[in-house]
S.K.: 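I'd like to ask some things about the structure below.
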Amino acid sequence: MGRYIVRRLLQMIPLLIGVSVLSYAIIILAPGDPAKLLADPEKMTAESYVAMRAELGLDDPGPVRYAKTMSSLITGELRSFRTQQRVVDAIGERLPTSLALGALAILFGLTLGMLIGIVQALRPYSRVDDVGTMLSLTGFSIPHFWFALMLVMLFSVRLRWLPSSGIRPIGASGWNPLEMAPYVVLPTIVLGTGLLAYVARFVRSSMLEALEQDYTRTARSKGLRERVVVVRHALRNSLLPVITIVGFLLPLLIGGAVVVEYVFALPGMGRLAVDAVFARDYPVILTITIFSAIAVMIGNLAADVLYGVADPRIRYG
Amino acid sequence: MAERVRSGGAPVASLETVTRRRPLWRRLLGNQRVVAGAAVLLATLAAALFAGSLAPYDPNAQTLADRLLGPTAAHPLGSDQLGRDVLSRVIWGTRVSLGVGFSSVAITIVIGTGIGVAAGYAGGWVDGLLMRFVDVFLSIPVFMLLLTVVAIYGSNVNLLIAFIGISAFPGAARIVRADVLSLMPREFIAAARVIGATPARVMVRHLLPNLVPIIVVSATLRVGAAILTEAGLSYFGLGVPPPAPTWGGMVADGRAFLDVAWWVSTFPGLALLVVVIATNLVGDGLRDVFDPRRQHLS
C-alpha cells in the first residue's frame with residue numbers, strides 16, 4: 001500500500017506539469033497588456049511603463065517566463081499583480097473558509113443523500129421512490145446561482161431567518177461556530193445539493209444490487225430480522241462505493257464553490273478566483289488552478305486508498 | 001421485500017423477449033422519461049424557432065414607465081428593471097440556451113469520440129499519451145478554467161460554444177475509449193482486420209456504429225450540463241453579451257430586486273431548471289432503452 005501511494009504521488013508530477021503548462025499557455029496567449037491594466041494611467045510615462053514590464057517579466061520569451069513563474073510559485077514568492085500580496089498568503093487566508101464550506105457540504109450531501117437512497121431502495125418503484133428520483137434529478141439539474149438566489153429570497157428577504165451574505169456578523173472575527181452557523185446554512189445547502197443527488201442515486205442502485213445478492217438471501221434464510229439484514233448485510237456492503245464517488249465529485253464541488261462563494265460573498269478561494277479573473281490577476285489565477293488540480297488528484301487518490309482499506313479484496317498492483 | 005427487485009426500467013425476465021424484438025422507436029415511445037423529456041424539449045425548441053411570433057413584445061424594448069411590474073395580464077411574467085417583458089425575454093432566451101447547449105455538445109462529441117476511438121484502437125503509448133492528456137484536463141476544475149478563458153478571450157457566441165464544447169471533451173473521450181476497449185477483442189473486429197480492412201475503415205465502419213448508443217446517451221446527458229455552464233457564465237456577465245436575452249443574465253438582472261420584484265430572477269431560472277431536467281430525463285430514459293443493465297455512464 002505504501003508503495004502504491006508513493007507511485008501514485010509520483011505520477012502526479014507529470015500531470016501537474018501538464019496542468020501548469022496548459023494554464024500558463026492560456027494566460028500568456030491572452031491579448032491585452034497586464035502592465036497597462038495595472039499602471040495608473042495618469043502617472044504612467046514611457047519609462048515607468050518599461051519598468052513595469054520588466055518588473056512583471058513580460059519581456060522574456062515564453063518558456064523563460066514559465067520557468068521563472070513556476071519557480072517563484074514553488075518557493076512561495078509569487079505575488080499578486082493587483083495587491084502585491086504573496087499568493088500563498090492570500091490563499092492561506094481564504095482556504096479555511098473554503099475547506100469548512102466544502103466539509104459541511106460533503107457532510108450534508110452525504111448524510112441526506114444516503115438516507116434518501118436507502119429509503120428509495122427499500123421501497124423500489126413506490127411513490128416514495130419516485131419522489132426520491134425526482135428529487136435527485138432536480139438536484140443535479142438546478143443551477144447553483146439561481147437556487148442560491150431563491151433561498152436568499154425566501155429565507156433572508158421574506159422570512160428574515162438567515163443572513164444573505166458573509167460568513168460572520170459584521171465586526172466579528174475569528175471562528176465562533178455559534179456566530180457563524182446562520183451564515184453557513186444556505187451556502188451549505190446550495191453546494192451540497194449536487195452531491196446529494198449523485199449520492200442518493202448511487203446508493204439507491206448499489207443498495208438494490210446488494211439486496212439481490214446471495215449473502216442477503218442467506219441472511220434472510222437464517223431467519224435474521226429484516227432490520228439486521230438490511231443494515232448489517234446489505235447497507236454495509238452497498239455504502240462502500242460511495243467513498244469513491246465523493247473523491248470523483250471533488251471537481252464539481254470546487255466549481256460549485258466558485259459560484260456559491262460569489263453569490264453569498266464568502267471570503268473563500270472561489271471568491272478569490274473570481275476576483276482574480278475579473279482583475280486579470282494572472283499569478284493568482286495560475287496558483288489557484290494548480291492548487292485545485294492538486295486537490296482533485298489527492299481526492300482521487302484518497303478515494304482509491306480508502307476504498308482499498310474498506311474492501312480488503314482490492315489489491316494494489 | 002419478498003418481490004423480485006428490478007434493476008433497470010424493464011422487468012429482468014422480459015429483457016430478451018420484449019426489449020430485443022421491439023423496434024427502437026417503439027421502445028423509445030414506450031419509455032415515459034424519454035417521452036416526457038422529449039415533449040418539453042420539443043416545446044422549447046418550438047419556442048426558440050418561433051420566438052418572433054410567440055413573444056408578445058420585443059425582448060429588448062424598454063418601457064421605462066413599466067419598470068418592475070408584477071405579473072399581470074399585460075405582462076404574464078412581469079417586467080424587469082428596464083421595463084422589458086420577462087415572458088418575451090424568457091422565450092427569446094431559449095435560443096441562446098438551446099443553441100449553445102446543443103452546438104457545444106456536438107463539439108464535445110466530435111473531439112471526445114475522435115480521441116477515445118484513436119486511443120482505444122491504437123493502444124500502447126498512443127493510448128497512454130492521449131489518456132494522460134485527458135487526465136490533465138480532468139484535474140482542472142472546468143468552470144474556473146472557463147471563467148478565465150472567457151474573461152480573457154471575450155465571449156462572442158461562437159467562441160463560447162467552442163470553449164464550452166472543448167472543456168467537456170475528457171469525460172466523453174474516456175467513455176468512448178472504454179467502450180472501444182471492450183469491442184476490440186470481439187471477433188468481428190478481428191475478422192475485419194483479417195480481410196484487410198485499413199485501420200480507418202475498422203474505426204469508421206466497424207467500431208463507430210457500435211458506439212452510437214453510448215455516444216447518444218452521453219451526448220444527451222451532456223446537453224443539460226452545457227446549458228447550465230452557459231447560464232453560469234452569463235450569470236457572471238461572461239456569456240453572450242447583453243442586451244441579448246439569456247436566462248443566466250436575466251437571473252443576474254434580478255439580483256438587486258429580490259425584495260421588490262421576485263419575478264425577474266425566478267422565471268428565467270425556472271425555465272432553465274425545466275429544460276435541464278427535460279434533457280436529463282431523456283438521457284436517463286435513453287440509457288434504459290439502450291442498455292437496461294448498465295448504470296452510471298453519464
Side-chain angles (χ1 to χ4, degrees), chain A residues 14-16 18-19 22-23 26-27 29-32 121-122 124-125 137-138 140-147 149-150 152-153 156-157 164 201-202 205 208-209 211-212 220 226 229-230 250-252 254-256 258-259 262-263 270 273-274 277-278 280 285 288-289 292-294 296-297 300, chain B residues 1 3-8 33 132-133 135-154 224-225 227-229 231-232 235-238 247-248 251-252 254-255 258-260 262 265-266 268-270 272-281 284 295-296 298:
Chain A
L15 277 187
L16 278 174
V19 169
L22 182 72
S23 10
I26 288 171
I27 287 168
L29 296 173
L122 291 179
Y125 306 97
L137 187 62
T138 311
F140 48 66
S141 304
I142 202 165
H144 283 88
F145 59 88
W146 181 73
F147 188 31
L149 286 189
M150 292 298 108
V152 164
M153 199 158 77
S156 311
V157 176
S164 63
R201 197 179 243 223
F202 194 88
S205 69
L208 278 180
E209 211 171 285
L211 285 170
E212 274 191 332
R220 283 220 178 92
E226 186 62 23
V229 174
V230 169
L250 219 54
L252 187 105
I254 294 176
V258 171
V259 177
Y262 178 75
V263 177
V274 175
V277 165
F278 282 121
R280 305 229 172 153
I285 300 175
I288 296 184
T289 307
S292 320
I294 296 177
V296 169
M297 292 175 198
N300 286 347
Chain B
M1 292 309 301
E3 83 270 8
R4 182 138 187 202
V5 176
R6 295 174 297 175
S7 57
R33 298 186 194 199
R132 292 300 82 73
F133 181 60
D135 286 343
V136 166
F137 265 86
L138 270 182
S139 38
I140 300 178
V142 169
F143 191 71
M144 219 172 77
L145 186 72
L146 274 174
L147 276 182
T148 312
V149 171
V150 176
I152 291 178
Y153 295 93
I227 290 176
L228 284 180
T229 305
Y235 180 83
F236 280 92
L238 293 170
W247 291 345
V251 173
R255 263 183 306 197
L258 289 180
D259 47 346
V260 291
W262 57 271
S265 283
T266 305
L270 212 55
L272 201 51
L273 179 62
V274 169
V275 169
V276 176
I277 287 184
T279 62
N280 285 334
L281 269 177
D284 281 347
Q295 302 273 321
H296 311 295
S298 67

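Treat the numbers as computed from the prediction; the structure is a model and nothing was measured. Residue numbers start from 1 in every chain, and the chains themselves are labelled A, B, ... in the order their sequence lines are given, proteins ahead of strands.
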S.K.: With a 4.5 angstrom heavy-atom cut-off, which part of Val274(A) approaches chain B: side chain, backbone, both or neither?
M.R.: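 Side chain only.
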S.K.: By a 4.5 Å heavy-atom criterion (distance strictly below it), what part of Leu272(B) contacts chain A: side chain, backbone, both, or neither?
M.R.: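 Only the side chain of Leu272(B) comes within 4.5 Å of chain A.
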S.K.: Report which part of Phe278(A) has an atom under 4.5 Å of a heavy atom belonging to chain B: side chain, backbone, both, or neither.
M.R.: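 The side chain, not the backbone.
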S.K.: Does any backbone or side-chain atom of Val157(A) lie under 4.5 Å from a heavy atom of chain B? Answer side chain, backbone, both or neither.
M.R.: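 Contact with chain B: side chain only.
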S.K.: Among Thr148(B), Val142(B), Val275(B), Val274(B), who wins on heavy-atom pairs under 4.5 Å with chain A?
M.R.: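 Among the listed options, the one with the most contacts to chain A is Thr148(B).
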S.K.: Hey, which of Leu250(A), Ile254(A), Val19(A) has the most heavy atom pairs under 4.5 Å with chain B?
M.R.: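 Heavy-atom pair counts peak at Val19(A).
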S.K.: As an exercise: rank Thr266(B), Asn280(B), Asp259(B) by heavy-atom pairs under 4.5 Å with chain A and give me the winner.
M.R.: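 That would be Thr266(B).
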S.K.: Counting C-beta onward and ignoring hydrogens, is there a side-chain heavy-atom pair between Leu138(B) and Pro251(A) closer than 4.5 Å?
M.R.: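 Counting from C-beta outward, Leu138(B) and Pro251(A) never come under 4.5 Å.
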S.K.: Quick one: which of Phe133(B), Phe143(B), Trp247(B), Phe236(B) has the most heavy-atom pairs under 4.5 Å with chain A, could you say?
M.R.: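 Ranked by heavy-atom pairs under 4.5 Å with chain A, first place is Phe236(B).
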S.K.: Using a cut-off of under 4.5 Å for heavy-atom pairs, which of Val149(B), Leu270(B), Thr279(B) has the most such pairs with chain A?
M.R.: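 Heavy-atom pair counts peak at Leu270(B).
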S.K.: What is the distance from atom OG of Ser292(A) to atom CD1 of Ile140(B), rounded to the nearest 0.5 Å?
M.R.: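 Output value for this atom pair is 9.5 Å.
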S.K.: Which bit of Ile26(A) is near chain B, if near means a heavy-atom gap under 4.5 Å: side chain, backbone, both or neither?
M.R.: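 Its backbone and side chain both get close to chain B.
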S.K.: Among the options Gly224(B), Ala231(B), Ala225(B), Pro268(B), pick out the one with the most heavy-atom pairs lying under 4.5 Å from chain A.
M.R.: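 If we count pairs closer than 4.5 Å to chain A, Ala231(B) comes out on top.
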S.K.: Any non-hydrogen side-chain atom of Asp284(B) less than 4.5 Å from a side-chain atom of Leu137(A)?
M.R.: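 Counting from C-beta outward, Asp284(B) and Leu137(A) do come under 4.5 Å.
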S.K.: Hey, what do you get for CZ (Arg280(A)) to CD1 (Ile152(B)), rounding to the nearest 0.5 Å?
M.R.: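 Answer for the CZ-CD1 pair, Arg280(A) versus Ile152(B), is 6.5 Å.
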S.K.: Taking the side chain as everything from C-beta on, heavy atoms only, tell me whether Leu22(A) gets closer than 4.5 Å to Phe137(B).
M.R.: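 They are in side-chain contact.
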S.K.: For Ser265(B), check side-chain hydrogen bond (donor to acceptor under 3.5 Å, both in side chains) against everything at least two apart and list the hits.
M.R.: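 With neighbours one apart ignored, the set is empty.
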S.K.: Quick one: closest heavy-atom pair of Gly18(A) and Val136(B), and the distance?
M.R.: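 Minimum heavy-atom separation between Gly18(A) and Val136(B): C-CG1, 3.7 Å.
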S.K.: Contact between Leu273(B) and Ser141(A) at the side-chain level, heavy atoms closer than 4.5 Å - yes or no?
M.R.: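 Touching, per the 4.5 Å side-chain cut-off.
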S.K.: Residues in side-chain hydrogen bond (donor to acceptor under 3.5 Å, both in side chains) with Asp135(B), at least two apart?
M.R.: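 If we apply the side-chain hydrogen bond (donor to acceptor under 3.5 Å, both in side chains) test to Asp135(B), skipping adjacent residues, the hits are Arg132(B), Arg174(B).
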S.K.: Between Tyr262(A) and Tyr235(B), how do the two ring planes meet: parallel, tilted or perpendicular, split at 30° and 60°?
M.R.: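 Judged by the thresholds at 30° and 60°, the geometry between Tyr262(A) and Tyr235(B) is perpendicular.
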S.K.: Under the 3.5 angstrom rule, does the side chain of Trp146(A) hit a backbone N or O of Val251(B) as a donor-acceptor pair?
M.R.: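 Between the backbone of Val251(B) and the side chain of Trp146(A) there is no qualifying donor-acceptor contact (under 3.5 Å).
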S.K.: Non-hydrogen atoms of chain A under 4.5 Å away: do they reach the side chain of Leu145(B), the backbone, both or neither?
M.R.: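 It is the side chain, since no backbone atom gets that close.
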S.K.: Of the backbone (N, CA, C, O) and the side chain (C-beta and beyond), which part of Leu16(A) lies under 4.5 Å from a heavy atom of chain B, both, or neither?
M.R.: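 When you check distances to chain B, no heavy atom of Leu16(A) falls under 4.5 Å.
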S.K.: Rounded to the nearest 0.5 Å, what's the gap from CG on Leu228(B) to NE2 on His144(A)? Could you check?
M.R.: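 Interatomic distance, Leu228(B) CG to His144(A) NE2, rounded to 0.5 Å: 9.0 Å.
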S.K.: State whether the side chain of Arg255(B) and the backbone N or O of Val263(A) hold a donor-acceptor pair below 3.5 Å, judged by distance alone.
M.R.: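 Here the side-chain-to-backbone pair does not exist.
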